[in-house]
Amino acid sequence: MHEWSVADAVIRTVLNWADDKKIKVKKVVLGVPSFSFLDVEILKEAFDMMKKDSVLDEAELEVRFKDPKFKCKNCGKEFSLNDVKDQIDSVRSEFGEEYPMHFMPALAPSFIKCPYCGSHDIVLESQDMTIDEIQVEENGTVKTVSQG
Amino acid sequence: MHEWSVADAVIRTVLNWADDKKIKVKKVVLGVPSFSFLDVEILKEAFDMMKKDSVLDEAELEVRFKDPKFKCKNCGKEFSLNDVKDQIDSVRSEFGEEYPMHFMPALAPSFIKCPYCGSHDIVLESQDMTIDEIQVEENGTVKTVSQG
Amino acid sequence: MEPLRQLAKDKLSGKRVYAVMSAKGGVGKSVISSLLALTIGNTTLIDLDIHTMAIPKLFGLEGKLHEVTKNGIEPFEVKTTKIVSLSGIVKDNYVILPGENQSSIMESLIAYSHIDSNTVLFDLSPGLGDEILVLERITDFTPIVVTTPSKISKRVVDYLIRYLRERGKEPKILVNLAYMDCDGKVVKPFGEYEGFGLPIDPN
Amino acid sequence: MEPLRQLAKDKLSGKRVYAVMSAKGGVGKSVISSLLALTIGNTTLIDLDIHTMAIPKLFGLEGKLHEVTKNGIEPFEVKTTKIVSLSGIVKDNYVILPGENQSSIMESLIAYSHIDSNTVLFDLSPGLGDEILVLERITDFTPIVVTTPSKISKRVVDYLIRYLRERGKEPKILVNLAYMDCDGKVVKPFGEYEGFGLPIDPN
Ligand SMILES: Nc1ncnc2c1ncn2[C@@H]1O[C@H](COP(=O)(O)OP(=O)(O)O)[C@@H](O)[C@H]1O
Ligand SMILES: Nc1ncnc2c1ncn2[C@@H]1O[C@H](COP(=O)(O)OP(=O)(O)O)[C@@H](O)[C@H]1O
Ligand SMILES: [Mg+2]
Ligand SMILES: [Mg+2]
Ligand SMILES: [Mg+2]
Ligand SMILES: [Mg+2]
Ligand code: NI
Ligand code: NI
Ligand SMILES: [Zn+2]
Ligand SMILES: [Zn+2]
């Protein structure tokens, strides 16, 4: 159900950015860390419900999953999501759908240990949810605005 | 005088990296944030004194200054070192040579305010001291090892 | 363009926001923020101390997980006080994190909470870091600064007071653990103070 | 390849290292680390609480700047205790920082200090964050965990104890603010405890 909050955040952010520009938003591309396991169908459903009567009225939401790279600051080794799959599965099993990293991917260091030295001193690339792209129609032309 | 500690750090790090490799180090390139105002002459003098009788015996130290980019997390604006020059000069004036950011560039947010909104909520790119390059001679050939 | 920041801002927009703060630990911030929330009534109390997570412990809510609805994280309700804490997300796990992850978690906790009271009260962790910087970039809050009478606490808390004044905020200051009743005799184990002080009260 | 990390590691190599810790603030870590340093003797006491910087305040060294020599940051000397604190770098300025800057400052303080005693004692900030993670990647330390008898403190400190045990470290636990002498009567304002407890002592 957290997906509703994510849709809300996306819409509010794009509305705030659109402000009083004379545009129609055609597409929003959202980047999410794959291990948040957001349910894309619920997310799109929520987005479609909440976007009504706004500059996002005709907008499509595209969700792109990002696999993070992990680096251990204790031993220096790098690893991928696949190397900690068992650990993540274990946490999901304990908590169910609304598991901690579903809400807050940045909590990963508290729940994941380095597969080499066991430390929690882990840095992730791409742990944040990002709006990576907005496509707008302005004066009959569709153009892409990239974001970080 | 802090430059002696910096030279010590560089030498120990390269020695640790060299370990028991059969090499001769010819050059070490050190990146430092420009606003740390390290004295390059003292730094080189200390390096030359402390490198003796090691694989760094013949090594040269090159120092490259990095101008950081600043970004305010409060208002979102970006700015350069030049935009906060007066603030930095004021701190140097208060403390003298061994001013806080000489030791710890990462202290900058405590002493610098965003020129647009006055917030201390500032992120810096390139605030760390880095060994950017090592040139080694191995089996009569000189090659460059790049670091992060 | 930051979705969580935007959502957090919107959630707090138009609310009366207070932050119970100190640069010093163990002065009674969590106890006082809990008492204030209960006293004010119809308040959402958000526990921003992401390592200590004391608020649910004070209310006997340990081990409980927050329910999540379309409206977000549903607070625990105690009388007219609505409580949100990271412990309702992580259960009884410890939260150990590098510094760079702190602000995202604080922003997320605010952004995703279901806030439908007109008053919001934050219980902050000690220190002068992201807890203050995050709050400042999201909302205009009224600071309530807690200290004890000890010289150490006063000097440390002075850092925060100076910072707040520089940012144009005049804090309300509370002195806690001010004195104790030793069989009718007033004892001040942590030092002298001026103004109104809250007693050391085992109850 | 991290120069500061390497230098910090080398500075602590072969030393007997203790860390006075707690996940909870205001339990007496700074007071106890100061007393321990004075008691042990010939000890370097490094104040890793970069926001509070309480140690110089406890020793009457406020406002003093560290001298810097070819050997690095020269500690303040009190009897046979050598004290290093960020306040000796920033003077009476507050230190407000985003979380991502914390670890660099902690590593720098250790790396650049002139450490010539065989025993090093760290006074840590509250929380479960960089203070512990930084120390762990630099040195093998003996943890001394401080709590008060209160239920809140015990539960919060339990996070740290669990974490340390998971990392293969068995902490020594000290109970502070355990009781108070009220005209010959023992009063326990913060709760019951087991084992040895340090009193609330205004002296
Ligand atoms: N007025 C008081 N009387 C007695 N005990 C108190 C009082 N205020 C706080 N305490 C106790 O002191 C400790 C620290 O309080 P807490 O609210 O957790 O401080 P902080 O949030 O500032 O770290 C807790 O054990 C708490 O129960
Ligand atoms: N045993 C004690 N008796 C009386 N006061 C104490 C005692 N231990 C600590 N204090 C006081 O309690 C407060 C918190 O102590 P401090 O050492 O700063 O805790 P921490 O470092 O854990 O935050 C300080 O004001 C200190 O003077
Ligand atoms: Mg608290
Ligand atoms: Mg902090
Ligand atoms: Mg302390
Ligand atoms: Mg911390
Ligand atoms: Ni969900
Ligand atoms: Ni210098
Ligand atoms: Zn590792
Ligand atoms: Zn700004």
Side-chain angles (χ1 to χ4, degrees), chain A residues 1-17 28 30-32 36 42 45-46 49-50 71-74 91 94-113 119-124 127-134 145-148, chain C residues 1-14 47-48 50-53 63-75 84-116 130 134 137-138:
Chain A
M1 299 302 276
H2 163 72
E3 287 74 6
W4 284 78
S5 297
V6 172
D8 195 8
V10 170
I11 290 165
R12 287 171 187 267
T13 304
V14 176
L15 287 179
N16 181 263
W17 167 81
V28 180
L30 179 70
V32 296
S36 68
I42 297 176
E45 181 196 332
M49 286 281 271
M50 294 163 89
K71 181 172 179 179
C72 179
K73 280 160 85 175
N74 196 61
V91 182
E94 184 190 345
F95 283 88
E97 181 202 320
E98 309 288 14
Y99 95 125
M101 288 173 270
H102 181 63
F103 292 97
M104 302 176 190
L107 280 173
S110 293
F111 291 93
I112 292 173
K113 298 175 186 178
S119 174
H120 286 281
D121 201 352
I122 295 167
V123 173
L124 294 86
Q127 68 182 6
D128 293 330
M129 180 171 68
T130 51
I131 293 176
D132 294 336
E133 224 172 274
I134 304 178
V145 177
S146 285
Q147 296 292 332
Chain C
M1 192 173 283
E2 290 156 319
L4 288 182
R5 170 99 49 96
Q6 188 64 56
L7 184 57
K9 274 184 173 183
D10 289 354
K11 291 283 177 86
L12 295 177
S13 179
D47 182 359
L48 269 196
I50 63 174
H51 297 296
T52 307
M53 304 176 282
K64 289 196 69 181
L65 285 177
H66 283 296
E67 195 189 336
V68 182
T69 67
K70 289 179 180 179
N71 290 313
I73 297 169
E74 293 295 338
V84 177
S85 173
L86 186 61
S87 73
I89 305 286
V90 302
K91 215 162 46 179
D92 58 5
N93 285 274
Y94 52 71
V95 175
I96 185 156
L97 293 168
E100 49 264 49
N101 291 32
Q102 292 175 168
S103 63
S104 169
I105 286 164
M106 293 173 190
E107 278 185 4
S108 299
L109 195 62
I110 302 168
Y112 292 143
S113 294
H114 183 197
I115 303 172
D116 61 11
D130 281 321
V134 162
R137 62 191 186 228
I138 284 170

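Chain identifiers are assigned alphabetically (A, B, ...) following the order of the sequence lines, protein sequences preceding nucleic acid strands; residue numbering begins at 1 within each chain. We use all heavy atoms of the structure for the numbers below, so side chains are in, but hydrogens, waters and symmetry mates are not.
- Ranking C:Ile105, C:Thr69, C:Leu109, C:Asn71 against chain A, the residue ahead of the rest is C:Ile105, based on heavy-atom pairs under 4.5 Å.
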Going by atom type alone, with no hydrogens or angles, which donor-acceptor pairs under 3.5 Å involve a side-chain atom of residues 4-11 of chain A and a protein atom two or more places apart or on another chain?
unit_1 : atom_1 : unit_2  : atom_2 : d
A:Asp8 : OD1    : A:Arg12 : NE     : 2.7
A:Asp8 : OD2    : A:Arg12 : NE     : 3.4

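- The closest side-chain heavy-atom distance from A:Glu98 to C:Leu65 is not below 4.5 Å.
- The six-membered or imidazole ring of C:His66 lies away from that of A:Phe103, with a centre-to-centre distance of 6.0 Å or more.
- Note: A:Asn16 CG to C:Gln6 CD = 3.5 Å, rounded to the nearest 0.5 Å.
- Within the 4.5 Å cutoff, no side-chain heavy atoms of C:Val68 are placed close to those of A:Glu97.
- Between A:Pro100 and C:Val90, the shortest heavy-atom contact is CG-CA, 4.3 Å.
- Contact of C:Glu2 with chain A is made through the backbone alone, with heavy-atom distances under 4.5 Å.
- Applying the ring-ring contact (aromatic ring centres under 6.0 Å, His included) test to C:Tyr112 and every residue at least two apart in sequence or in another chain returns A:His2.
- Put simply, of C:Leu86, C:Leu97, C:Leu4, C:Ile73, the one with the most heavy-atom pairs under 4.5 Å next to chain A is C:Leu97.
- Using a 4.5 Å cut-off between heavy atoms, A:Glu94 touches chain C through backbone and side chain atoms alike.
- Atom NZ of C:Lys9 has 12 or fewer neighbouring heavy atoms from other residues, nucleotides or ligands inside a 6.0 Å radius.
- Taking the side chain as every heavy atom from C-beta outward, C:Asn93 and A:Val91 never approach each other to under 4.5 Å.
- Heavy atoms closer than 4.5 Å to chain C are found nowhere in A:Ile42, neither backbone nor side chain.
- Proximity to chain C (any heavy atom under 4.5 Å) is restricted, for A:Phe111, to the side chain, taken from C-beta onward.
- In this structure, the portions of C:Lys91 lying under 4.5 Å from any heavy atom of chain A include both its backbone and its side chain.
- Contact of C:Ser104 with chain A is made through the side chain alone, with heavy-atom distances under 4.5 Å.
- For the atom pair CD (C:Glu100) and CD (A:Gln127), the distance works out to 8.0 Å, reported to the nearest 0.5 Å.
- For the pair A:Pro109/C:Asn101, a side-chain contact is recorded, criterion being any heavy-atom separation below 4.5 Å from C-beta on.
- Closest heavy-atom contact between C:Val95 and A:Leu107: CG1-CD2, 4.1 Å.
- Taking CD1 from C:Ile96 and CG from A:Asp121, the interatomic distance works out to 8.0 Å, rounded to the nearest 0.5 Å.
- In this structure, no portion of C:Ile50 lies under 4.5 Å from any heavy atom of chain A.
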